[in-house]
Amino acid sequence: MTGAAISGDSPRKAILFERTRKSGTAKSMATERYNAREAEARWQKVWDENQVFVTRNDDPQPKYYVLEMFPYPSGRIHMGHVRNYTMGDVVARYKRARGFNVLHPMGWDAFGMPAENAAMQNKVHPKDWTYENIATMRGQLKIMGLSLDWSREFATCDPEYYAQQQRLFLDFLEAGLVDRRKSKVNWDPVDMTVLANEQVIDGRGWRSGAVVEQRELTQWFLRITDYAEELLEAIDTLDRWPDKVRLMQRNWIGRSEGLRVTFEFVTPAPSGETTLEIFTTRPDTLYGASFMGLSPDHPISQALAEKDPELAAFIEECHHLGTSEEAIEKAEKRGFDTGLKVKHPLDETVELPVYVANFILMGYGTGAIFACPAHDQRDLDFARKYGLPVKPVVLPKDADPATFEIGDEAYTGDGTIFNSDFMDGMSVPDAKEAIAKRLESQTVGNNPQGVREINFRLRDWGISRQRYWGCPIPVIHCETCGTLPVPKDSLPVKLPDDINFDKPGNPLDRHPTWKHVACPKCGKDATRETDTMDTFVDSSWYFARFTDPRNSEPTDKEAADAWLPVDQYIGGIEHAILHLLYSRFFARAMKKTGHLGVTEPFKGLFTQGMVTHETYKGADGAWISPAEVRLEERDGKRHAVLEIDGSAVTIGPIEKMSKSKKNTVDPTDIIETYGADTARWFMLSDSPPERDVEWTEDGVQGAWRFVQRVWRMTGEIAEKMPVAITKLADFGDTAMEIRRATHKTLKAVSDDIEKLAFNRAVARLYELVNTLTKAQQRQDVPVDMAYAIREGAEYLVRMMAPMTPHLAESCWEALGGEGLLSTSGWPEVDESLLVEDTITLPVQVNGKKRADVTVSREASKEEIEAATLSLDAVSRLLDGKPPRKVIVVPARIVNVVI
RNA sequence: GCGGACGUGGUGGAAUUGGUAUACACAGCAGACUUAAAAUCUGCCGCCGAUAAGGCAUACGGGUUCAAGUCCCGUCGUCCGCACCA
């Protein structure tokens with residue numbers, strides 16, 4: 001490494017240059033600085049040459065599959081990747097040391113829009129852009145020293161991968177898991193493309209600025225709703241998933257039990273209907289019904305709008321409302337009185353007006369409701385606005401039926417039914433049952449008026465994307481024979497390379513030849529499906545592909561069943577719902593089609609927090625990156641100035657690292673400056689892994705100092721206690737204490753890693769280093785202590801190996817350890833060292849700690865009590881009187897109550 | 001609006017799940033070494049109090065318990081998710 005390369009732009013690098021240069025002049029190994037750059041490259045080469053991390057499927061040891069969510073090849077890795085992959089690597093290395101055959105693969109989630117955006121902006125082919133990014137990022141991951149089996153690497157845009165995905169699609173099609181139907185999309189008329197919700201900003205396309213239209217397109221769907229019940233129930237079995245994620249999935253699937261009720265129109269609707277079907281989860285409140293609500297997209301609303309321009313205008317307005325729940329809940333509830341009326345199913349004399357209302361979704365239930373304002377907030381808001389009656393029918397406990405009234409808040413709690421004829425006095429669940437029975441026995445026409453129904457909010461998964469850079473849907477459209485699957489022996493349907501993005505629209509659709517193909521059935525001219533698949537499809541089965549990535553079938557079922565489920569999956573919380581739910585669905589679909597034997601893909605799930613950083617703004621309000629800022633401390637306050645001219649910089653809030661706020665730190669810079677182990681160590685320190693971690697320069701330097709400290713201490717121990725000393729029969733108290741500290745640390749660190757509590761493991765390792773440093777600094781070290789210190793150092797290094805693998809190998813080498821640490825086992829705890837002859841218990845008097853009492857390990861409660869009462873501090877407070885009570889919690893605490 | 005999570009020193013956090021609150025680290029202060037700085041090492045570091053004794057402290061107010069950061073009720077605040085879920 002030359003000076004020019006490291007003395008570059010930042011002062012931090014200049015400091016390192018100093019450090020590096022000094023290390024060359026140091027004399028003994030004990031004072032020489034650890035040269036991370038040299039050591040890390042060296043160990044990575046050794047691991048690579050010895051194929052240490054290549055996993056064999058026929059290895060007889062018990063399996064352990066650890067997987068981190070694979071990255072999108074955006075161009076460069078970011079700190080979030082560093083955190084994610086460090087955690088996974090710790091688990092992988094730890095489990096390997098514990099004797100497991102570990103599968104720890106890496107690949108690329110390589111299809112998707114950014115490649116097409118780059119193609120449009122920079123005239124670069126999506127394929128070239130993607131594979132170049134992959135090459136860059138692979139190099140970046142490699143310098144992190146991850147114990148990955150690179151021989152299993154693939155990208156989802158490899159034809160070998162998406163060919164198998166097309167096979168899966170065809171198998172799903174045969175198995176009845178695929179549908180083709182019309183669905184609404186956001187259409188950008190200028191870019192001639194479908195927009196994702198996030199690409200629609202204020203009703204306009206993000207790129208073109210054109211007003212977005214709602215368009216109906218025929219799209220492909222995977223029938224995930226077939227599995228709604230099962231996906232919901234099986235959440236209970238995922239006991240190694242965070243509760244938060246399980247709850248989010250439950251809410252997303254959204255099962256609700258209710259009643260479908262048929263209401264009769266007083267006079268038929270203009271479109272001819274004589275009845276209106278609604279779905280309700282609160283049939284118990286039917287006597288509180290005040291009006292009916294129709295979705296603007298309901299067929300009756302649409303039919304009425306054709307003859308009523310005012311209603312048409314209202315519906316049009318509803319379509320401009322945002323579609324997010326949050327936006328609409330906060331929006332004003334509005335409606336349009338159709339003039340139609342329906343009869344109350346339980347009292348023919350009551351007629352209810354029918355409104356088209358902006359808060360009713362066509363996609364849920366029947367797209368129509370009955371409204372009970374007293375017990376639903378939205379209905380209440382609506383009723384108050386349009387002056388509709390509010391009649392309470394559920395009486396809260398202890399409320400007086402004569403005076404109970406609804407104000408501005410609907411009552412949605414439990415209670416007793418009243419004002420409800422035959423249901424009066426019933427509980428809410430009993431009333432639901434009673435009314436279901438009643439309406440089931442009543443008929444409208446020849447059908448029961450009420451039918452019990454279970455509804456899900458989960459919708460089928462639309463996978464059609466009108467884009468180039470995705471997996472082609474292997475289907476052919478023939479005018480004569482209809483829609484046909486591509487014969488399996490002619491797979492894959494490969495993406496053509498000769499495309500351009502000069503014109504708007506899907507390049508596949510306007511390609512001169514690609515879509516033209518002979519019908520596989522009749523042989524006449526036909527066309528290929530030009531839609532490609534949602535990229536969530538790609539990531540819904542990659543974990544299975546890793547188990548045998550070069551197989552000519554989607555999976556080798558035996559290999560997949562042996563490896564799956566993934567024992568520990570680690571990734572961001574942002575995938576809590578879609579990716580994880582789709583993958584769970586895919587596992588079931590693959591099981592049905594014979595590609596897998598397991599139903600749940602991920603046994604253990606861990607969602608890590610984000611990496612955050614302070615934000616900085618210059619005088620002109622523009623964001624400034626941390627690399628351009630120098631931090632100073634004046635008058636006890638932190639100040640920031642611009643590096644180049646010293647001008648003042650405002651320190652802003654700590655936020656998730658993002659390009660838009662420029663508060664990112666490049667992992668490659670950090671690794672070049674401090675080494676991968678320092679970056680890894682810092683990522684594991686301090687913050688619990690599920691929480692956000694703030695990246696700070698001080699923190700990194702602290703980690704760097706620790707790396708140096710461990711190196712220095714190990715070197716000194718290696719020098720002073722060079723040879724392995726034969727184990728002694730007897731140890732003095734001091735040596736015993738060191739040994740106890742070592743073995744206690746080992747036990748604790750093992751437990752912590754098992755629980756992914758890396759920050760706690762780090763704290764324990766700090767403690768052990770503190771203990772060992774103090775011990776080895778003594779002038780003359782007796783032989784029993786020398787043994788204890790060496791043992792401590794060796795154990796320390798081996799415990800650190802999963803976290804800082806290069807440093808650990810270097811220290812192991814310095815200590816004269818045999819072989820590679822990366823292939824060594826985990827050290828053994830000497831349990832006998834964990835039990836001590838005497839224990840010291842805290843003594844409380846009336847719940848406040850006043851003293852300690854030291855007793856023998858076998859002491860009985862009575863003995864402990866006696867020892868406690870004879871303590872000066874206790875007897876003084878007792879003042880000769882007997883205690884009211886003495887509570888002895890074995891191995892915990894003594895509490896004397898006076 | 002609905003649903004969820006969280007609240008501990010100047011800062012990140014720990015607390016064996018009801019049993020010594022503040023481990024460990026960062027920052028800060030003082031000292032040693034040095035011509036000096038960096039690095040390194042030693043000590044201090046929740047608040048009040050005098051350096052003591054002692055008291056008070058886990059957002060706030062109650063409660064349960066021999067014992068509460070941990071459990072229960074209420075209040076306040078922060079963060080996250082959301083597809084109008086009838």
Side-chain angles (χ1 to χ4, degrees), chain A residues 15 18-19 22 31 33 197 242-245 247-248 250-256 258 278-283 285 293 295 321-331 333 357-361 363-372 375-379 381 412 455-459 573-574 576-577 633 636 638 682 685-688 691-694 696-703 705-706 708-709 712 748 751 757 759-760 762-767 769-770 773 777 840-852 883-887 889 891-898:
Chain A
I15 289 166
E18 281 301 308
R19 288 171 184 160
K22 270 200 174 161
T31 52
R33 283 197 193 285
N197 280 328
D243 288 341
K244 183 190 166 116
V245 175
L247 183 74
M248 282 165 93
R250 274 192 199 103
N251 290 342
W252 192 262
I253 294 168
R255 181 182 193 275
S256 53
I278 62 99
F279 174 73
T280 179
T281 55
R282 292 298 303 273
T285 63
S295 161
L321 242 182
T323 50
S324 83
E325 184 172 346
E326 191 191 0
I328 291 155
E329 285 277 4
K330 285 177 182 164
K333 305 287 172 283
N358 65 352
F359 62 95
I360 299 159
L361 270 185
Y364 188 81
T366 61
I369 61 158
F370 88 82
C372 175
H375 305 293
D376 183 288
Q377 191 60 46
R378 286 155 308 180
D379 296 353
D381 293 345
T412 54
N455 256 291
F456 294 92
R457 70 195 293 232
L458 181 69
R459 303 202 283 250
I573 187 78
E574 66 273 21
I577 299 172
E633 182 132 347
R638 294 176 71 240
F682 177 61
S685 311
D686 289 354
S687 290
R691 268 194 239 174
D692 290 354
V693 62
E694 190 199 347
T696 62
E697 194 62 31
D698 283 338
V700 185
Q701 291 193 359
R705 280 197 300 268
F706 179 72
Q708 294 298 335
R709 218 177 128 200
R712 207 180 317 120
D751 288 350
N759 57 319
R760 295 199 306 199
V762 164
R764 276 164 181 147
L765 291 168
Y766 266 110
E767 279 176 314
V769 171
N770 289 343
T773 306
Q777 277 167 349
T840 300
L841 295 174
V843 173
Q844 293 181 335
V845 176
N846 288 345
K848 256 185 205 298
K849 199 214 163 186
R850 296 295 179 182
D852 289 301
R884 278 210 287 155
K885 203 172 175 187
V886 179
I887 294 141
V889 185
R892 276 284 145 76
I893 204 163
V894 183
N895 192 9
V896 181
V897 186
I898 295 176

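Just the heavy atoms: all of them, side chains too, but no hydrogens, waters or symmetry mates, feed the values below. Throughout, a chain's letter reflects where its sequence line sits, starting with A, and its residues are numbered from 1.
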For [N], does either OP1 or OP2 sit under 4.0 Å from a side-chain N or O belonging to [X]?
X        : N     : answer
A:Lys848 : B:C56 : yes
A:Arg850 : B:U20 : no
A:Arg457 : B:C2  : no

Whole-Å gap separating [atom2] ([N]) and [atom1] ([X]):
X        : N     : atom1 : atom2 : result
A:Asn770 : B:C24 : CG    : P     : 7 Å
A:Leu247 : B:A5  : CG    : C1'   : 10 Å
A:Tyr766 : B:A14 : OH    : C1'   : 15 Å
A:Glu767 : B:C24 : CD    : P     : 5 Å
A:Lys885 : B:U65 : NZ    : C1'   : 9 Å
A:Glu574 : B:G81 : CD    : P     : 10 Å
A:Ile893 : B:A21 : CD1   : P     : 7 Å
A:Asp686 : B:C24 : CG    : P     : 13 Å

### Summary
Heavy-atom nearest nucleotide on RNA chain B taken for A:Gly699 and for A:Asp852; more 5' hit belongs to A:Asp852
### Summary
Sorted by position of nearest nucleotide on RNA chain B, 5' first, the leading residue of A:Arg459 and A:Asp376 is A:Arg459
#### Entry: Heavy-atom side-chain contact between A:Val897 and A:Asn846 under 4.5 Å
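They are in contact (side-chain heavy atoms under 4.5 Å apart), so the answer is yes.
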### Query
Would a 4.5 Å heavy-atom cut-off, applied to side chains only, mark A:Arg850 and A:Val896 as touching?
no
For the [atom1] atoms, the ones on [N] and on [M], what distance do you get once it is rounded to whole angstrom?
N     : M     : atom1 : answer
B:A36 : B:C24 : C1'   : 33 Å
B:G55 : B:G4  : P     : 42 Å
B:A39 : B:A30 : P     : 16 Å
B:C56 : B:A67 : P     : 15 Å
B:G74 : B:U64 : C1'   : 15 Å
B:U58 : B:A50 : C1'   : 28 Å
B:A38 : B:A27 : P     : 13 Å

Which part of the nucleic acid, if any, lies within reach of [X] when heavy atoms closer than 4.0 Å are counted: base, sugar-phosphate only, or nothing?
X        : value
A:Arg691 : sugar-phosphate
A:Ser685 : nothing
A:Arg705 : sugar-phosphate
A:Asn759 : sugar-phosphate
A:Gln377 : nothing
A:Ile887 : base
A:Asn895 : base
A:Arg892 : base
A:Val889 : base

### Query
From B:A27, B:C41, B:A86, pick the nucleotide closest to the side chain of A:Arg712?
B:C41
